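What follows is one structure encoded as structure tokens, with my remarks underneath.
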Amino acid sequence: MSGAPWRHPMYITTTIPYVNARPHLGHALELVQADVLARHHRRRGEPVRFQTGTDDNSLKNVLAAETEGVPVRELVDRNAAAFEGLRGPLDLSFDAFIRTSSHPGHRAGVERIWEATRHDLYLRHYEGLYCVGCEQFYPAGPCPDGHEAPLQPVSEQNWFFRLSRYRDALLDLIRGGRLRIEPAVRRNEVLAFVEAGLDDISVSRSAARARGWGIPVPGDPGQVVYVWWDALANYVTALQGGDYERWWVAEPRKVHLMGKGVIRFHAVYWPAMLLSAGRPLPTGIFVHDYLTAEGRKISKSSGGAADPVALVDAYGVAAVRWWLLREVPRVGDADFTEERLVARADEDLANGLGNLVNRVVTMVHRFLDGRVPVEAREEEPFEVDEAVHEALEAFDFRRAATAVQALVEQANRYVERTRPWALPPAGQEVALATLVHACRTLAVQLEPFLPTAAARVAAAVRANAEGRLPRPEPLFRRLAGSRQPV
RNA sequence: GGGGCGGUAGCUCAGCCGGUCAGAGCAUCGGACUCAUAAUCCGUGGGUCGUGGGUUCAAGUCCCACCCGCCCUACCA
């Protein structure tokens, strides 16, 4: 047996948003969180698949296209491209981007799952009030979410799924921890919901009402598959060939990230669907809360303040990612303001990290002719690896980012304590070698959070062929006062 | 209607099983330093821990009621 430790593979997904509009900061939050997890686990040597994408088949897309007066295909393509285009500006490292309307294996995959759950499907005549906004039926109006569109009276034959029979199995899974739901508040919510008893759910819609958009029900072309049934399946349909075995069956960790609004679909419907189909289940569900922007709910009308690309253009990707990671609590909504973004970036990145690297490198040049005597290093405990790992295991991105920031503060205190400029040459070597080491550690620790900035830090403290550090240059400019609000 | 979460210094928040838990960061004020992006480091002030009861030798920390904000769920017609 080889002594190499086994590295637990990890499959990380975000939800696939419907694309009736361009992405906003809330989408960026989920993507960046997933990205941090992906990079963190890759760094630990674990195989990672990080997948995201778009739900193209939602009826809301059809309605948005009608409102705009453009073909659905065109609107969906355009907005899906905007989501995929987040990759560059936000420094995302997803391995796969699935679009439910065009992924080569998706439709066939949905059809297979449909067949596999057929023993739990039955036709039932249904009359009810349908809210287009929620894509859901309600016994009576008005729509609890306050969608403006009036509820439509609908009378049709639909396919129903015997969700009711999975109550006990779901409770066992969640209580037993095989399906981990974080934070605990959300877990309790799901348990309460399931304990109260589950009704069978409708999993198809008439094709006419869906304007022919979506995936036809196998053997019943008059119906299309309920969009959630379709969308949830992406987590497995995107896994083609051996990928399905590798990332879904061979017991990797499988973690779904999502906003609190869609927890029921992921923690109840989706596991039940998989149980019915005889397929393996996800192992973890992490639920984040919502963002508001300048005190208001984020919506299409809230304007540029919530446009992640505009924010990156104005302030840089480091500032945007850092705000999302350092200021958003694990539990509870968070209010985004440009003021907070600027303050946090200047405080932590410019005055903290950037200034630290700059002062260290400057001293190396002034006192040591740019050379770093590595063997002289003092064993300062600049260790945060464990703290970061523990925080990320708990999906506590803020605690993890704070742990990295603590290293910056530690190093700055070390400078004040040792005062290298007042030391004799031998002492300067020790102090500066120690500090350069701290900066290199920082570059490593920062990578999952701010990959590009981390690379700049690494380059700033990397010796060239002659063993010299590059000339110091500011790594982060101060943002306060330097930019017009978005 | 039922269930749950939150209400702690000006601001954002930590405080798990009750006893240095009255804290951190920012902001304010004072000091130090000069290597650095007028950056950094040290220290100070400030709070009846939502309200009112209760349990206890001892309660932000447990119990009850109420007020405020929010979430989930249901629909009592």
Side-chain angles (χ1 to χ4, degrees), chain A residues 128-129 134 136-145 181 183-199 259-265 267-268 287-290 292 295 297 323 326-337 339-368 370 391 394 396 398-399 401-403 405-406 408-423 427-428 431-432 434-436 439 456 460 469 471-482:
Chain A
L129 294 169
C134 306
Q136 196 175 334
F137 283 98
Y138 291 99
C143 155
D145 279 358
I181 302 173
V185 191
R186 300 301 164 200
R187 177 175 176 274
N188 295 339
E189 249 176 53
V190 173
L191 283 172
F193 176 77
V194 177
E195 279 164 0
L198 300 172
D199 293 328
K260 61 184 175 184
V262 296
I263 184 173
R264 202 169 79 236
F265 302 100
V268 180
V287 185
H288 64 256
D289 286 350
Y290 289 151
T292 53
K297 182 175 176 177
W323 183 83
R326 182 86 202 282
E327 294 244 320
V328 176
R330 198 172 91 103
V331 177
D333 292 350
D335 185 46
F336 170 83
T337 67
E339 189 183 349
R340 290 299 312 156
L341 175 141
V342 167
R344 186 48 87 185
D346 282 351
E347 202 174 295
D348 289 354
L349 303 181
N351 296 347
L353 174 62
N355 183 242
L356 169 71
V357 173
N358 199 294
R359 70 196 301 204
V360 167
V361 175
T362 298
M363 285 191 281
V364 169
H365 278 282
R366 180 171 304 190
F367 304 129
L368 303 179
D396 193 337
R398 184 169 64 170
R399 184 149 60 86
T402 302
Q405 182 62 26
V408 172
E409 289 159 17
Q410 227 180 98
N412 268 322
R413 278 196 293 274
Y414 181 87
V415 174
E416 301 296 329
R417 192 168 76 242
T418 57
R419 302 167 53 81
W421 54 88
L423 290 173
Q428 287 177 330
L432 291 174
T434 305
L435 284 165
V436 168
C439 291
R456 290 210 307 275
L469 262 36
R471 285 283 159 193
E473 283 178 33
L475 292 170
F476 303 94
R477 64 170 193 277
R478 306 187 80 241
L479 299 176
S482 70

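This is a predicted model, so every value here is computed, not measured. Both backbone and side-chain heavy atoms feed into the values below; hydrogens, waters and symmetry mates do not. The chains referred to below are lettered A, B, ... by the order of the sequence lines, with proteins before strands, and numbering in each begins at 1.
- Proximity of Asp348(A) to Leu353(A): side-chain heavy atoms (C-beta onward) are nowhere separated by under 4.5 Å.
- rU40(B) atom P lies 17 Å from atom CD of Gln410(A), rounded to whole Å.
- By the 4.5 Å heavy-atom criterion applied to side chains, Val190(A) and Ile263(A) are counted as neighbours.
- For the side-chain hydrogen bond (donor to acceptor under 3.5 Å, both in side chains) test, no residue two or more places apart in sequence or in another chain qualifies with Arg456(A).
- Stem analysis of RNA chain B (Watson-Crick or G-U pairs, both distances under 3.5 Å, runs of at least three) returns B:1-7 with B:67-73, B:10-13 with B:23-26, B:29-32 with B:40-43, B:50-54 with B:62-66.
- At whole-Å resolution of the value, CG in Asp396(A) and C1' in rA14(B) are 11 Å apart.
- Here, rA27(B) and rG50(B) have their C1' atoms 24 Å apart, quoted to the whole Å.
- Rounded to whole Å, the separation between the P atoms of rG3(B) and rA74(B) comes to 15 Å.
- The residues Glu347(A) and Arg344(A) are annotated as salt-bridged, a charged nitrogen and a carboxylate oxygen being separated by less than 4.0 angstrom.
- rG60(B) has its base syn relative to the sugar, with a glycosidic angle deviating from 0 by at most 90°.
- In this structure, Phe476(A) and Asn355(A) have side chains that are not in contact, with every pair of non-hydrogen atoms separated by 4.5 Å or more.
- Salt bridge annotation for Arg398(A)-Glu327(A): absent, with no cationic side-chain nitrogen under 4.0 angstrom from a carboxylate oxygen.
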Could you run through nucleotides 22-34 of chain B and give me one letter per nucleotide, 5' to 3': B if any protein heavy atom sits under 4.0 Å from the base, S if only the sugar-phosphate is that close, - if neither? ---SS------SS

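- Straight-line distance from the CG atom of Leu341(A) to the P atom of rU12(B): 18 Å, rounded to whole Å.
- Closest to the side chain of Ala350(A), from the set rU37(B), rU73(B), rC71(B), is rU37(B).
- Separation of the C1' atoms belonging to rC29(B) and rA9(B) is 16 Å when rounded to the nearest angstrom.
- As rounded to the nearest Å, rC35(B) and rU40(B) have C1' atoms that lie 10 Å from one another.
- When distances are taken from the side chain of Arg413(A) to each of rU37(B), rC35(B), rC41(B), the shortest belongs to rC41(B).
- When the C1' atom is used for both rG1(B) and rG47(B), the distance is 38 Å, rounded to whole Å.
- Residues Ile181(A) and Glu189(A) have side chains not in contact (no heavy-atom distance under 4.5 Å, counting atoms from C-beta outward).
- Looking at Lys260(A) and His288(A), their side chains never come closer than 4.5 Å, going by heavy atoms from C-beta outward.
- One finds a salt bridge joining Arg186(A) and Asp289(A) here, because a Lys/Arg side-chain nitrogen approaches an Asp/Glu carboxylate oxygen to under 4.0 Å.
- Rounded to whole Å, atom C1' of rG69(B) lies 18 Å from atom OH of Tyr290(A).
- Atom-to-atom, CZ of Arg359(A) to C1' of rA36(B) comes out at 6 Å; the value is rounded to the nearest Å.
- Between Met363(A) and Val415(A), the shortest heavy-atom distance links the atoms CE-CG1, 4.1 Å.
- The CZ atom of Phe336(A) sits 5.0 Å away from the CG atom of Leu341(A) when rounded to the nearest 0.5 Å.
- Protein atom CG of Leu191(A) is 14 Å distant from nucleotide atom C1' of rU73(B), rounded to whole Å.
- In this structure, Leu435(A) atom CG and rU40(B) atom P are separated by 16 Å, rounded to whole Å.
- Contacts of Asn355(A) with the nucleic acid, taken as non-hydrogen atoms under 4.0 Å apart, include base atoms.
- For the P atom pair drawn from rC33(B) and rC17(B), the interatomic distance equals 46 Å after rounding to whole Å.
- The gap from the P atom of rA59(B) to that of rG43(B) amounts to 32 Å, rounded to the nearest Å.
- Only the C1' atoms considered, rG53(B) is 31 Å distant from rG10(B), to the nearest whole Å.
- Between Arg264(A) and rU73(B) there is a side-chain N or O to OP1 or OP2 distance below 4.0 Å.
- Positionally, the nearest nucleotide of RNA chain B for Leu353(A) lies more toward the 5' end than for the other of Leu353(A) and Phe193(A).
- Each of Leu356(A) and Arg186(A) was matched to the nucleotide of RNA chain B holding its nearest heavy atom; the match closer to the 5' end belongs to Leu356(A).
- Look at CD on Gln405(A): it is 13 Å from C1' on rU40(B), rounded to the nearest Å.
- Checking rA36(B), rA14(B), rA39(B) against the side-chain heavy atoms of Arg398(A) singles out rA14(B) as nearest.
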